[in-house]
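So the structure is just underneath, and the comments pick up after that.
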Amino acid sequence: MKILANDGISQSGIDALEAAGFEVNTTTVAQEQLINYINDKAISVLLVRSATTARKDLIDACPNLKIIGRGGVGMDNIDVDYAKQKGLHVINTPAASSQSVAELVFAHLYGGVRFLHDANRNMPLDGDTQFKKLKKNYAKGVELRGKTLGVIGFGRIGQEVAKIGLGVGMKVIAADKFIEAAYVSVDFFDGQSVTFNIKTETMEDVLKQSDFVTLHVPAQKDYVIAKPEFDVMKDGSAIINAARGGVVNEVDLVSALESGKLAFAGLDTFQNEPTPAVQLLMNGRISLTPHIGAATNEAQDRIGIELATQIKNILLNG
Ligand SMILES: NC(=O)c1ccc[n+]([C@@H]2O[C@H](COP(=O)([O-])OP(=O)(O)OC[C@H]3O[C@@H](n4cnc5c(N)ncnc54)[C@H](O)[C@@H]3O)[C@@H](O)[C@H]2O)c1
């Protein structure tokens with residue numbers, strides 16, 4: 001049976017699938033040619049990340065497709081309910097990337113509090129002629145230890161973020177639409193472990209108290225954070241969005257940064273991917289990454305192996 005991994009798959013995933021007798025094709029087929037390609041090559045499994053979409057038209061036009069798999073969490077690029085109605089299996093890898101996304105949040109946070117995002121822009125330009133001036137510009141850094149981290153969306157990634165925050169000495173508070181409390185265990189290298197019971201609070205309470213806010217909610221119809229929410233945040237606080245573009249109102253975010261309400265923002269996800277608004281890209285107060293939360297070797301290995309296991313279970317053991 002043939003598998004098309006249109007947005008790529010880790011070597012560990014390819015190895016596991018080939019060992020089970022599958023043929024794995026990692027060609028990237030353009031979206032408009034995908035239906036023909038799947039039918040011509042008799043593809044049974046289409047694997048995607050976030051770039052390729054699998055909508056009704058593709059599902060209708062490819063009757064031999066048995067599985068659509070998403071390497072990652074959010075399935076907004078797949079018509080999941082429709083595919084299931086048509087008898088397809090739709091799979092994803094919800095837990096595989098949580099740790100990597102959580103670490104990227106802290107990369108943005110630690111970078112932000114010491115202005116690394118801006119220093120890295122200006123040192124190549126002026127570092128040899130304006131060293132003292134830049135040193136002064138970036139002199140008022142702050143530490144994360146002792147500060148309050150507000151996690152909005154206390155699911156898998158939110159709880160991984162909480163673990164790191166607790167580990168580096170932050171007070172961690174959280175809000176969630178459905179989760180009332182969660183036991184969060186911080187595990188150390190030598191087997192020691194400390195468990196915290198974190199009870200969620202209202203979003204407003206979390207926004208009011210937090211020095212740093214980080215978002216870990218799924219894509220939804222309305223903004224979760226826009227002007228009214230920025231207004232209740234602490235003056236000089238910061239926000240990280242490594243969840244989904246569209247969760248934060250980006251126009252209101254730029255206003256909050258320009259008015260000084262927010263000290264900085266870290267964005268891994270954007271409303272207009274893959275062409276984010278230039279007002280975001282050019283803003284010296286925003287630490288930017290191009291949706292790389294899950295893009296670590298470890299997460300991609302786990303994703304590949306998890307997909308391979310599920311495909312084998314469905315097609316060979318099911
Ligand atoms: N940056 C990246 O590369 C990357 C990688 C993986 C996942 N993600 C994104 O991270 C987000 C979280 O993933 P997860 O695995 O933790 O999901 P999850 O389902 O485990 O957790 C999401 C939580 O958000 C809560 N929630 C939903 N709407 C809310 C709202 N309006 N206010 C408060 N809480 C709300 C839910 O109750 C749930 O507990 C998703 O949007 C996912 O797409 C990004």
Side-chain angles (χ1 to χ4, degrees), residues 7-10 12-13 48-51 69-77 91-113 116-117 144 149-168 170 172-179 182 184-187 198 200 206 210 212-220 224-225 238-248 253 264-271 273-274 276 280 286-307:
D7 301 328
I9 183 171
S10 69
S12 54
V48 303
R49 288 182 184 156
S50 51
R70 158 78 160 102
V73 189
M75 300 223 267
D76 18 321
N77 51 333
I91 57 176
N92 69 344
T93 59
S97 51
S98 304
Q99 175 68 33
S100 294
V101 179
E103 289 196 13
L104 184 70
V105 167
F106 275 84
H108 281 292
L109 281 175
Y110 272 115
V113 290
L116 299 194
H117 51 289
L144 293 187
L149 176 65
V151 181
I152 310 285
F154 206 42
R156 285 173 295 256
I157 298 174
Q159 292 181 32
E160 285 303 324
V161 168
K163 289 180 196 175
I164 303 178
L166 293 164
V168 301
M170 301 184 83
V172 178
I173 56 177
D176 194 286
K177 237 181 179 169
F178 302 107
I179 294 175
V184 174
S185 292
V186 185
D187 299 327
I198 297 181
T200 55
V206 169
S210 299
F212 308 97
V213 170
T214 182
L215 298 170
H216 302 291
V217 296
Q220 37 211 281
V224 176
I225 304 286
I239 191 161
I240 310 292
N241 181 15
R244 273 287 178 274
V247 162
V248 174
L253 171 66
F264 71 91
L267 298 180
D268 186 48
T269 53
F270 303 85
Q271 206 159 346
E273 290 182 28
L280 300 173
I286 306 183
S287 170
L288 298 152
T289 46
H291 203 151
I292 54 163
T296 63
N297 296 341
E298 292 85 350
Q300 292 308 314
D301 269 349
R302 285 192 292 264
I303 286 171
I305 289 167
E306 216 173 297
L307 284 174

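Note that this is a predicted model, so its numbers are computed, not measured.
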Tested for side chain to side chain donor-acceptor pair (under 3.5 Å) against R244, the lone hit among D268, D76, T269 is D76
Euclidean distance, N241 CG relative to I225 CD1, rounded to 0.5 Å
9.0 Å
Has S97 got a side-chain atom pairing as donor or acceptor with S100's backbone, closer than 3.5 angstrom?
no
Quick one: salt bridge (Lys or Arg N to Asp or Glu O under 4.0 Å) pairs with a partner in residues 94-105, sequence neighbours left out?
none
Any donor and acceptor pair, going by atom type alone, linking the side chain of R70 with main-chain N or O of G74 inside 3.5 Å?
yes
Considering only heavy atoms from C-beta outward, does the side chain of L116 approach that of S287 to under 4.5 Å?
no
CD of E273 to NE2 of H291: how many Å apart, nearest 0.5 Å?
5.5 Å
Okay, side chain of S12, backbone of I305: is any donor-acceptor separation there less than 3.5 Å?
no
Report, one line per pair, each donor and acceptor closer than 3.5 Å where one atom sits in a side chain of residues 152-161; sequence neighbours left out.
unit_1 : atom_1 : unit_2 : atom_2 : d
R156   : NE     : P94    : O      : 3.4
Q159   : NE2    : F154   : O      : 2.9
E160   : OE2    : K163   : NZ     : 3.1

Kindly say whether G72 contributes a backbone atom to a donor-acceptor pair with the side chain of T93 at under 3.5 angstrom?
yes
Do the side chain of Q220 and the main chain of V247 share a donor and acceptor less than 3.5 angstrom apart?
no
Heavy-atom donor-acceptor pair, D301 side chain to S10 backbone, under 3.5 Å
no
